[in-house]
**Student:** 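Take a look at this one; I'll ask things after.
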There are 2 protein chains.
Amino acid sequence: MSITAIRAIEALRAEGRRITTARRTIIELLGATNDHLTAEHIATAVQHAYPEIHVSTVYRTLESLDEWGLVEHVHRGHGAAFFHLAASHPHMVCEACGRVIDVPQEEFDALVARVRDVYGFDIDVAHNALMGRCLVHDPRAGGLLAPPVSSREGAGPGARDG
Amino acid sequence: MSITAIRAIEALRAEGRRITTARRTIIELLGATNDHLTAEHIATAVQHAYPEIHVSTVYRTLESLDEWGLVEHVHRGHGAAFFHLAASHPHMVCEACGRVIDVPQEEFDALVARVRDVYGFDIDVAHNALMGRCLVHDPRAGGLLAPPVSSREGAGPGARDG
DNA sequence: CGCTCAGATACGAACACCTCGCATCTGCGA
DNA sequence: TCGCAGATGCGAGGTGTTCGTATCTGAGCG
């Protein structure tokens with residue numbers, strides 16, 4: 001089991017919360033992958049091992065773990081949000097291929113500080129993904145590199161948008 | 001009718017598209033307000049004047065106008081996206097009060113340029129709203145100012161989130 | 001002004017993604 | 001091992017949106 005998963009489970013125990021099969025399995029799953037999984041993906045994977053775990057339990061468990069700071073969710077523009085073990089950092093999602101790129105929080109520090117000063121608003125850059133395009137998919141960046149839309153990479157359900 | 005609305009309608013005409021009641025009404029509505037309206041809000045408002053205009057027509061019309069570059073949609077984290085006449089700029093949405101703050105694109109230019117260079121990714125900062133909190137609602141920024149959650153300001157349906 | 005028809009619309013069913021209520025079950029402290 | 005608060009299974013319900021299809025209409029043409 002990954003270190004972060006172990007930490008998450010210990011955190012549950014430390015706060016006196018129950019270590020249930022659903023919680024343990026979801027945490028292990030999230031700890032074992034670098035993918036950005038939607039609740040439905042998680043439910044499917046969890047049910048592969050424990051078919052009796054209901055999708056609504058997965059939603060509720062994710063919500064609880066999120067609330068307790070052990071996992072985080074990120075909203076893509078369309079389609080489902082995706083989840084990962086807590087490690088606040090922004091994500092960029094390519095509208096053409098669906099790929100998710102992790103970005104260090106530091107890249108946004110200057111912007112966040114300025115917006116806080118000027119607009120009196122504290123941005124949580126990790127909560128919504130930043131949409132855009134990998135340069136290979138950007139029609140403005142030299143069509144040479146641009147493959148047709150058919151060459152989707154990691155596009156799960158919900159990579160379409162305008 | 002607002003200047004931007006007139007321009008949008010002329011753009012429709014110039015491209016040989018039909019000026020229908022639904023299109024004209026939606027464009028006038030968006031041109032007449034600075035609010036950030038969801039498709040459902042728009043449908044309700046439009047139906048106030050023309051009850052026969054169906055909500056699915058509103059969705060399709062908005063989709064078309066968006067595709068033609070005359071309106072834009074912005075995704076909030078939860079709940080419905082909101083629409084406005086084309087004027088690409090980022091938005092920040094307070095998770096506590098639902099308020100939407102418009103930000104000039106220029107604030108993001110440096111970040112966008114750096115991300116393009118370093119990560120090979122072209123961010124469209126206007127597509128997803130940036131979530132966060134007005135400083136008055138930020139528990140970390142001196143609880144003195146923080147009103148209870150009940151004091152929602154512009155929170156429409158879907159201002160809740162974790 | 002009336003004819004024509006591609007394009008637009010009304011309507012309702014269906015869909016994706018969740019959320020909720022409630023009866024049952026279970027982790028864990030006593 | 002017992003008791004019960006908290007967690008889960010199950011299915012209905014909700015919200016926001018998309019789609020198929022029959023009908024209608026804007027606008028060019030005569």
Side-chain angles (χ1 to χ4, degrees), chain A residues 9-10 12-27 36-44 46-47 49-68 70 73-83 98 155-162, chain B residues 9-10 12-27 36-44 46-47 49-68 70-71 73-83 155-162:
Chain A
I9 290 180
E10 281 174 356
L12 278 184
R13 208 187 314 270
E15 292 174 40
R17 315 224 183 252
R18 295 193 193 161
I19 318 292
T20 66
T21 307
R23 290 179 182 176
R24 189 174 33 73
T25 310
I26 288 173
I27 288 172
H36 297 80
L37 304 174
T38 66
E40 300 245 336
H41 287 150
I42 294 169
T44 303
V46 165
Q47 286 168 350
Y50 301 95
E52 73 276 13
I53 293 182
H54 198 273
V55 62
S56 72
T57 300
V58 172
Y59 277 103
R60 272 191 280 226
T61 301
L62 287 169
E63 187 185 6
S64 299
L65 295 176
D66 194 326
E67 189 180 333
W68 304 330
L70 303 180
H73 67 278
V74 179
H75 295 284
R76 221 178 309 228
H78 295 240
F82 54 79
F83 292 80
R160 64 239 131 74
D161 192 355
Chain B
I9 290 180
E10 282 174 356
L12 277 185
R13 210 187 310 273
E15 292 175 39
R17 317 226 183 250
R18 295 196 193 156
I19 319 292
T20 64
T21 307
R23 290 179 182 176
R24 188 174 33 73
T25 311
I26 288 172
I27 288 172
H36 297 81
L37 304 174
T38 67
E40 300 245 336
H41 287 150
I42 293 170
T44 304
V46 164
Q47 285 168 350
Y50 301 95
E52 73 276 13
I53 293 181
H54 198 273
V55 63
S56 72
T57 299
V58 172
Y59 277 101
R60 273 195 274 232
T61 301
L62 288 169
E63 187 184 6
S64 299
L65 295 176
D66 194 324
E67 190 180 334
W68 303 330
L70 302 179
V71 316
H73 67 279
V74 179
H75 295 283
R76 221 179 308 228
H78 295 238
F82 55 78
F83 292 80
R160 64 238 131 78
D161 192 354

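Quick note: numbers below take in every heavy atom, side chains included, and nothing from hydrogens, waters or symmetry partners.
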**Student:** If you look at every heavy atom in B:Thr25 and B:Thr21, which pair is closest and at what distance?
**Tutor:**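 Minimum heavy-atom contact is OG1-O, 2.5 Å.
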**Student:** Do A:His41 and A:Thr44 meet the criterion of a side-chain donor-acceptor pair at a distance under 3.5 Å?
**Tutor:**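 Distance-only check fails for A:His41 and A:Thr44.
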**Student:** For B:Ile53, run the side-chain contact (heavy atoms from CB on, under 4.5 Å) check against B:Ile26, B:Val46, B:Thr20 and tell me which one passes.
**Tutor:**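 Of all the options given, the one that passes is B:Val46.
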**Student:** Side-chain N or O of B:Thr57 versus OP1/OP2 of C:dA10: is the shortest distance under 4.0 Å?
**Tutor:**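 For C:dA10, OP1 or OP2 has a side-chain N or O of B:Thr57 closer than 4.0 Å.
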**Student:** Tell me every residue that passes side-chain contact (heavy atoms from CB on, under 4.5 Å) with A:Ala39, counting only those two or more places apart in sequence or in another chain.
**Tutor:**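 By the side-chain contact (heavy atoms from CB on, under 4.5 Å) rule, A:Ala39 matches A:Tyr59, A:Leu62, A:Phe83.
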**Student:** For B:Ser56, give me all partners under side chain to side chain donor-acceptor pair (under 3.5 Å), at least two apart in sequence or on another chain.
**Tutor:**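 B:Ser56 satisfies side chain to side chain donor-acceptor pair (under 3.5 Å) with B:His54 once adjacent residues are dropped.
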**Student:** Whole angstrom is fine here: how far is it from CZ in B:Phe82 over to P in D:dT17?
**Tutor:**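 Roughly 12 Å, once rounded to whole Å.
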**Student:** In dot-bracket notation, what is the pairing pattern of DNA chain C, taking Watson-Crick (N1-N3 plus N6-O4 or O6-N4) and G-U wobble (N1-O2 and O6-N3) contacts under 3.5 Å, with [ ] crossing and | for other strands?
**Tutor:** ||||||||||||||||||||||||||||||
**Student:** Hey, does B:Ala22 reach any base, or is it just sugar-phosphate, or nothing, if we go heavy atoms under 4.0 Å?
**Tutor:**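 Sugar-phosphate, backbone atoms only, no base.
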**Student:** Contact class for A:Glu52 vs. all strands (heavy atom < 4.0 Å): base, sugar-phosphate, or nothing?
**Tutor:**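 Sugar-phosphate only.
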**Student:** Could you work out, with salt bridge (Lys or Arg N to Asp or Glu O under 4.0 Å) as the rule, every residue matching A:Arg17, not counting sequence neighbours?
**Tutor:**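 A:Arg17 satisfies salt bridge (Lys or Arg N to Asp or Glu O under 4.0 Å) with A:Glu15 only.
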**Student:** Report, as a single string ordered 5' to 3', how protein heavy atoms within less than 4.0 Å touch nucleotides 21-30 of chain D: B base, S sugar-phosphate only, - not at all.
**Tutor:** ----BBS---
**Student:** Side chain of A:Trp68 only, please: which of D:dG11, C:dC11, D:dA7 is the nearest?
**Tutor:**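 Nucleotide nearest to A:Trp68's side chain: D:dA7.
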**Student:** What is the distance from CZ of A:Arg24 to C1' of D:dT8, rounded to the nearest Å?
**Tutor:**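 Taking CZ of A:Arg24 and C1' of D:dT8, I get 15 Å after rounding.
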**Student:** With B:Arg24, which residues qualify under salt bridge (Lys or Arg N to Asp or Glu O under 4.0 Å), at least two apart?
**Tutor:**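 Testing B:Arg24 for salt bridge (Lys or Arg N to Asp or Glu O under 4.0 Å), a comparison that skips the adjacent residues, returns B:Glu28.
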**Student:** Rounded to the Å, how far apart are B:His75 NE2 and C:dC17 P?
**Tutor:**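 Those two atoms, NE2 and P, are 13 Å apart.
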**Student:** Between C:dC20, D:dC19, C:dA8, which one does the side chain of B:Arg23 approach most closely?
**Tutor:**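 Ranking C:dC20, D:dC19, C:dA8 by closest atom to the B:Arg23 side chain puts C:dA8 first.
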**Student:** Does the side chain of B:Tyr59 get closer than 4.0 angstrom to OP1 or OP2 of D:dT18 through an N or O atom?
**Tutor:**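 So the side chain of B:Tyr59 is outside the cut-off, no N or O lying under 4.0 Å from OP1 or OP2 of D:dT18.
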**Student:** Hey, is the main chain of B:Phe82 close enough, under 3.5 Å, to the side chain of B:Arg76 for a donor-acceptor pair?
**Tutor:**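 Absent.
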**Student:** What's the CG-C1' distance between A:Leu37 and C:dC17, to the nearest Å?
**Tutor:**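 A:Leu37 atom CG is separated from C:dC17 atom C1' by 16 Å.
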**Student:** C:dC18 C1' sits how many Å from A:Asp66 CG, rounded?
**Tutor:**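 Rounding to the nearest Å, CG of A:Asp66 and C1' of C:dC18 are 14 Å apart.
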**Student:** For the residue pair A:Ala81 and A:His75, what are the closest heavy atoms and their distance?
**Tutor:**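 Minimum heavy-atom separation between A:Ala81 and A:His75: CB-ND1, 3.9 Å.
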**Student:** Quick one: B:Tyr50 OH to C:dA10 C1', roughly how many Å, whole number?
**Tutor:**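 My rounded result for the distance is 17 Å.
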**Student:** CD of A:Glu67 versus C1' of D:dA7: gap in Å, rounded?
**Tutor:**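 Interatomic distance, CD of A:Glu67 to C1' of D:dA7: 14 Å.
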**Student:** What is the distance, to the nearest angstrom, from the NE2 atom on B:His54 to the C1' atom on D:dT18?
**Tutor:**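 To the nearest whole Å, that distance equals 12 Å.
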**Student:** Side chain of B:Glu40: nearest nucleotide among D:dG16, C:dG12, D:dG11?
**Tutor:**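 Nucleotide nearest to B:Glu40's side chain: D:dG16.
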**Student:** Hey, does A:Ser64 reach any base, or is it just sugar-phosphate, or nothing, if we go heavy atoms under 4.0 Å?
**Tutor:**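 No contact.
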**Student:** So which one's nearest nucleotide on DNA chain C is more toward 5', B:Ile53 or A:Thr38?
**Tutor:**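 Result: B:Ile53.
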**Student:** Can any side-chain N or O of B:Arg23 pair as donor or acceptor with the backbone N or O of B:Arg18 at less than 3.5 Å?
**Tutor:**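 Side chain of B:Arg23 to backbone of B:Arg18, a donor-acceptor pair under 3.5 Å: yes, one is there.
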